[in-house]
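One structure is given below, encoded as C-alpha cells.
In what follows, residues are counted from 1 in the order of the sequence shown.
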Amino acid sequence: MTTKLPAGFGRLWTAQTVSSLGDGVTHAALPLLAVTLTRDPMALAVVTAAGTLPWLLFGVLGGALVDRWDRRRTMWVTDAARAVLLAVPAAAAALDVLSIPLLAASAFLLALGGLFFDTAATAYLPDLLRRDPALLQRANARLRGAQTAASGFAGPPAGSALLALGRSVPLLADAVSFALSALLVRSLPAVPRPAAGARDSLLRQARAGAAYVFKDRLLLGLALRPAVGNVAFLAVETILALFAHERLGVGALGFGLLLTAEAAGGLLGAGIAAFLGRRLGTGTALTCTATIEGLAILGLASAPDAYVAGLALAVCGAGMGATMVLGPSLRQAVVPAHLMGRVASTSRMLAMCAAPFGAFLGGWLATTYDLRTPLYAAAGLLLAMTAVTATMTSNRRVEAALRAARPPAGQDPAGELAVQTASG
C-alpha cells in the first residue's frame, strides 16, 4: 500500500507554489526591466551575476547556520524579509529612479534570502517525511512540478503582462507571494532539530559539511553536474532576452512565452522522472537528462525562428525537470539528518559559485563575437560535463549509497527510491 504524504506537506507545497509564481513574475520582469535601462550585455550580466553571489560568499556558512536554527522559523522569517525588501525597487520603479545598481543589489539580497529558505526547506523535507525514499521522490516531483508550472509556465507571461501595467507592478506581485508563503510556512508542523556537534564552532561545522561532499564521489558528482550546468545556463540566461529580441524578433510577450515553453518541458520532465529512474536507474537517467540538456541548447543556438527556439527550450526544460527530481531525492535519502543543511548548501554553493562566471562568460562572448556564441559554448560545456561525471553517479554507486544509508531491518521506511539498474 502506498504511504500518504503527511498533511503538513500540502501546506509546504502551497507555500512554495505561491512563492514560485511570484518568482516567475520577477524572473521575466527583471531582465526586461534591465533591458529598458541598458542594452549593454555586460551590464545585464552584472544583474544576473548578483543573484548568484550570496551562494559563493555565504553558501557553506549558511548551511551550518540552518543546521543550528529551527528550519521552519528560518523559512518563514526569510520570506517575510524578502516581501519587505521588494518594496524598495518597486518604489524606485514607480518614482522612475530605478537603476542597474539597484536592480543588482535587490537581486543579491533576494538571493541571500533564497539561500536560507532553500537550504532550510531542503533539510526540513526529509525530517517531515521521516526520510522515506519513496515519499521523498513523490514529494520532490510534486514540488518541482508545481514550481516549474508556477515560476516558468504561469509566472513569465504574467510578469510580462504586469510589466505593461507599470514597472513596479511585477515586483509588488512577488512581494505579496512572499508574504503569503511566510504565513503558510509558519503554520507547518514542527520537526525535531538534529543536535549533532552543537559545541563545535560554526566554521568547523561548515568544513565538516563541505568535507562530507568532497570525500563522497556520488555526492560530488551530483554537485558537479549543476555546477558546470550553471556556467552553461547562466551564459544562456544572461543574453536570452536580447537574443530573443534581436535574433528571433520577439517582444516582451514573446520572451515570456519562450520561458513558458521551457517551463512546460520542465513540468513534463518532473512528471516522468520516477519512470525514468525505474527504467534506466537513477544514475543512467541523470546521465541521459544531462545529455538531452546539452543537445537542446545546441538546438537553441542554431534555431532559425522563435518556434524552433521554443521547442529547444521545452526539451531542455524536460531534462532539467527530471534531473531536479532525481538528484535532490537521492541526496536527501543518503545524507544523515544532522548534515543535511550543510551538504545541501555546499552542493548548491558549488553550483552557484560557477554561475557568476557563466553570466560574465555569456556577456563577454556576446560582446566579443555574437549572440549565438554563448549558446554554442554552453552546449559544449554541458556535453563535456556529462562525459566526466557519468561514472561518478552510476547506478552501482547509487545503489551502494542507498544500501549504506538504509536503517537496520525492521526500521526500513516504506517504499524504495527508483534507482533500479536497467535490466541487461
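Taking the side chain to side chain donor-acceptor pair (under 3.5 Å) definition, one finds that T78 meets it with nothing, sequence neighbours left out.
Two residues are said to be in side-chain contact when any heavy atoms from C-beta on lie closer than 4.5 Å; F9 and L143 meet this criterion. M324 is not listed as a side-chain neighbour of P226, based on a closest heavy-atom distance of 4.5 Å or more. Using a 4.5 Å cut-off on side-chain heavy atoms (C-beta onward), T386 and E293 make no contact. S345 is not listed as a side-chain neighbour of V66, based on a closest heavy-atom distance of 4.5 Å or more. Side-chain atoms of R142 and W13, non-hydrogen and from C-beta on, do get closer than 4.5 Å to each other. The closest side-chain heavy-atom distance from P6 to L129 is below 4.5 Å. P126 places a side-chain heavy atom less than 4.5 Å from the side chain of L136. With a 4.5 Å cut-off on side-chain heavy atoms, L203 and R207 count as touching.
A distance-only check finds a donor-acceptor pair linking the side chain of D67 to the backbone of R342 [under 3.5 Å]. A donor-acceptor contact shorter than 3.5 Å links the side chain of Q332 to the backbone of T122. Listed for the D305 side chain is a donor-acceptor partner under 3.5 Å among the backbone atoms of V308. The backbone N or O of T391 lies less than 3.5 Å from a partner atom in the side chain of R397, making a donor-acceptor pair. Side chain of S181 to backbone of F178: no donor-acceptor contact under 3.5 angstrom is found. Judged by distance alone, the side chain of R372 and the main-chain N or O of A301 form a donor-acceptor pair under 3.5 Å. Between the side chain of T14 and the backbone N or O of G10 there is at least one donor-acceptor pair closer than 3.5 Å. With hydrogens and angles disregarded, a donor-acceptor distance shorter than 3.5 Å links the side chain of D370 to the backbone of T373. For N395 (side chain) and T284 (main-chain N/O), a donor-acceptor pair under 3.5 Å exists by modelled atom type. Side-chain atoms of T368 do not come within 3.5 Å of backbone N or O of L365 as any donor-acceptor pair.
Taken from CZ in R138 to OG in S329, the straight-line distance is 12.0 Å, to the nearest 0.5 Å. Distance check: T393 OG1 to L326 CG gives 11.0 Å after rounding to the nearest 0.5 Å. The OG1 atom of T287 lies 10.0 Å from the CG atom of L280; values are rounded to the nearest 0.5 Å.
For R11, the CZ atom sits in a packed shell: over 12 heavy atoms of surrounding residues, nucleotides or ligands are nearer than 6.0 Å. More than 12 non-hydrogen atoms from other residues, nucleotides or ligands lie less than 6.0 angstrom from OH of Y212.
Between T323 and R225, the side chains place no donor N or O within less than 3.5 Å of an acceptor N or O (distance only, hydrogens not considered).
Note on residues 105-129: pairs passing ring-ring contact (aromatic ring centres under 6.0 Å, His included), not counting sequence neighbours, are W69-F116.
G299 and A312 get closest at one heavy-atom pair: C-CB, 4.0 Å. Here the closest heavy-atom approach between residue L5 and residue A139 is recorded as CD2-CB, 4.1 Å. In terms of heavy atoms, V250 sits closest to F255 at CG2-N, 4.1 Å.
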